[in-house]
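First comes the structure, then the notes that go with it.
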Protein chains: 2
Amino acid sequence: MNASRSPVRQSSVRAHNLALVLQTVANSADRPSRAAISASTGLTRATVSALVDDLIAGHLLTELDPAPRTGAGRPAAGLALTPDGPGGLGLEINVDYLAACVVDLTGAVRHRFVTRADQRLLPPAAALAELGALAAQAQAAAGADGIELAGAALAVPGLVAADGLVRVAPNLGWSDVDVPALLNLGLPLTVDNEANLAALGELRTDGGPPTFLYVSGEIGIGAGIVLDGELYRGGRGWSGEIGHVTVYPDGRPCRCGANGCLEQYAGQEAVAADPDLAAAALGIALSAVVNLLDLGVIVLGGGYAPEFDRLRDGIDAELSRRVLTAGLAPVTLRAATLGADAAMRGAADVVISGVRDDPASWLARPQAV
Amino acid sequence: MNASRSPVRQSSVRAHNLALVLQTVANSADRPSRAAISASTGLTRATVSALVDDLIAGHLLTELDPAPRTGAGRPAAGLALTPDGPGGLGLEINVDYLAACVVDLTGAVRHRFVTRADQRLLPPAAALAELGALAAQAQAAAGADGIELAGAALAVPGLVAADGLVRVAPNLGWSDVDVPALLNLGLPLTVDNEANLAALGELRTDGGPPTFLYVSGEIGIGAGIVLDGELYRGGRGWSGEIGHVTVYPDGRPCRCGANGCLEQYAGQEAVAADPDLAAAALGIALSAVVNLLDLGVIVLGGGYAPEFDRLRDGIDAELSRRVLTAGLAPVTLRAATLGADAAMRGAADVVISGVRDDPASWLARPQAV
DNA sequence: TGGGATTTGTTTATTGGTTGAATTATTTGG
DNA sequence: CCAAATAATTCAACCAATAAACAAATCCCA
């Protein structure tokens, strides 16, 4: 049961069940009727009706004319997420580009803006001002579509503390940048690591497995760990630093000060120079992850995705040799499906997930106007 | 909010709040009054009173005469967990001993039985029959104390599937042993890995940190990963196999078929032969864990605990060199406090945690007699 | 063409559980 | 000995889900 620390009142019951209904619709391939929701959740039809009424009134669900027909009986009214309800603003800042996108409640990307420019040449405040301008464009486009943005999330290639402070972003040359103070969009802003958000982006696609490791190979190597459908951020939010897992204890010196870090053998340059070496090193590090966390699926993203075919066999060889349970259950290796947009998409998804996981708070929000 | 998949009805509210009250008492250093519980949980005094009445009627809480006095006003009635309510039966089978213990709801060990004998010489059924006899002794002792056992949990040094099937226990020479079929105690039985349960045992002591790694160094090396107060078992329940994390890719061959596994450099024999080598290897593997999971605390248990002073510096040296965030936040290394009983204690704790986390189910149990 | 069968969705009385305010109980302090 | 203070209980009100009856809309078959 895992009782959390907070008391439950009747209104929490309603909040929970609102979320349950909304998510049932979201996870449904077709357009479920109230009766279908009732059957799949275990709530009464009467209760579902009442909850659906609230969700429709709050512009989270819409009724669609006729759902696909079946046998006899009164025809059902199909329910679906509204495309013109709340939306999420996804932002990304990386070494050579800035990006912003607007995703609606259904998960569709409605607008997408990218600016290519080397961010390493700018001080953080200037880079964030650029990003703010891009975000303003996106906000205007969302407004024109009748989408009310529920919040924004920003993907950063670095270590981020819980309050949005970027402690280090080596490839941007940032340290201790207080992003929320420098980037005021008039929206709640979440800041998180790029690999973490990309992992969440992957999670949302194709209803992938709820437990996997997403590995992003850019200049540095980061990983997002998704356990049971939830991102694991670690005690201080700094999990997933697979790039500095030791592969060869006395190997090449790394810019972090240690020797033999994965990054030195499977970073972007290393992959280009010697894919076999990179695959072996990745295989060794990933074996450690699987031995520790018992993950059944590993998703290669970022710069690894286009190189997937060249890396696959080399990684698999090490996995099958070094993973203790390889004989009992296989480890599936696959390429990311979202490409370069993964982190930005994941960022926007975080925002809309917030609404989908807690519609009651959204419905009770202090209304503008 | 993380809405789970199940609907919430009013009775769930009560179940949740019962658990909340019980845990508030359990986590309280002193003996809280109803009013104190009301203040710390946010529930009304009226509600707390009603919940406490149920818990007292169900023999989970008792009223103690006078709580420590303060200023004016009607004196409070102190509440505490009952020592004669439900209890947990903790069991352990290991290479050279069998053990059983009875722990009451307050967490106190009420009875403890150990039999020393080499279990590798026996077929699994015979070993489990021995254990059953020990368990029967413990059950009798519990009954004499008026403790009704809520269940049993068994710690095994091997990989355990969700249904209690022991897939492999190399040091016992077991494979595919269906423990629940061979060990019928007339109680619900949980089977889990020894390191996992030992980690839970450590968690319960001294209100330790809710996120840490417990490393158990016996003949093999296992680890229990506790994240936010919950044991992380992995997708299939096989997490924590740190013994087969690669430390030296081309190093000593391991019985698992790979080369350079940690077990070959930091197993019991290796520690005895060369503590410095063991510490370095442990440090390398633990650095990988911290880089991946961002854990702030590592607890060394099992055979490592007595060697802690000899190992500490060597491990720390590698950690500070190889953990990326070592400069931002320290990693604390400490020895386990529970000694050889950790796994058995953890097993019993699992049972009583079950009651503390969901008292409503316990109160609604089909009553004997 | 029309009436049952069938399924969807809504209405209504009931129930379970928390809340808030008033009430009772028991102490300290002046 | 009475007022102030704190603890715990009682009781009417409220909120949300339930169960069961009812209304709506279609299919199917005679």
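Not measured: the values here are computed from a predicted model.
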CG of B:L51 versus P of D:dT9: gap in Å, rounded?
-> 12 Å
Check: A:R204/A:S353 side-chain N/O donor and acceptor closer than 3.5 Å | yes
Provide, to the nearest angstrom, the distance between the CG atom belonging to A:D53 and the C1' atom belonging to D:dA16.
-> 15 Å
Which part of the nucleic acid, if any, lies within reach of A:A46 when heavy atoms closer than 4.0 Å are counted: base, sugar-phosphate only, or nothing?
-> base
Using a cut-off of strictly less than 4.0 Å, decide whether A:T47 has a side-chain nitrogen or oxygen near OP1 or OP2 of D:dT18.
-> yes
When you check the phosphate oxygens OP1 and OP2 of C:dT10, does a side-chain N or O of A:S49 lie under 4.0 Å from one of them?
-> yes
Between D:dA25, D:dC27, C:dG20, which one does the side chain of B:T44 approach most closely?
-> C:dG20
Would you say the side-chain atoms of B:N17 pair up with the backbone N or O of B:L20, donor to acceptor, closer than 3.5 Å?
-> no
Residue-phosphate contact under 4.0 Å: A:R34 side-chain N/O, C:dT10 OP1/OP2 | yes
Nucleotide C:dG17, atom P - distance to CG of B:L20 in whole Å | 16 Å
Taking only side-chain nitrogens and oxygens of A:S33, does any of them come within less than 4.0 Å of OP1 or OP2 of C:dG9?
-> yes
Measure from CG on A:L61 to P on C:dG9 and round the result to the nearest Å.
-> 13 Å
Base D:dA7 paired with B:R74 side chain (donor-acceptor, <3.5 Å) = yes
Would you kindly give the CD-to-P distance between A:E63 and D:dA25, to the nearest whole Å?
-> 12 Å
Look up atom CG in A:L79 and atom CG in A:L55, then write down how far apart they are to the nearest 0.5 Å.
-> 9.0 Å
Would you find a donor on one side and an acceptor on the other, under 3.5 Å apart, between the side chain of B:T44 and the backbone of B:T47?
-> no
Distance below 4.0 Å between B:N17 side-chain N/O and C:dG17 OP1 or OP2 = no
Rounded to whole Å, NE2 of A:H16 lies from C1' of D:dC15 at a distance of 17 Å
Under a 4.0 Å N-O cut-off, is there an ion pair linking A:R233 with A:D192?
-> yes
Whole angstrom value for the distance that separates P of C:dT18 from CD1 of B:I37 | 14 Å
Spacing of A:R45 atom CZ relative to D:dA24 atom P, expressed in whole Å = 15 Å
A:A35 or B:R14: which one's nearest nucleotide on DNA chain C is closer to the 5' end?
-> A:A35
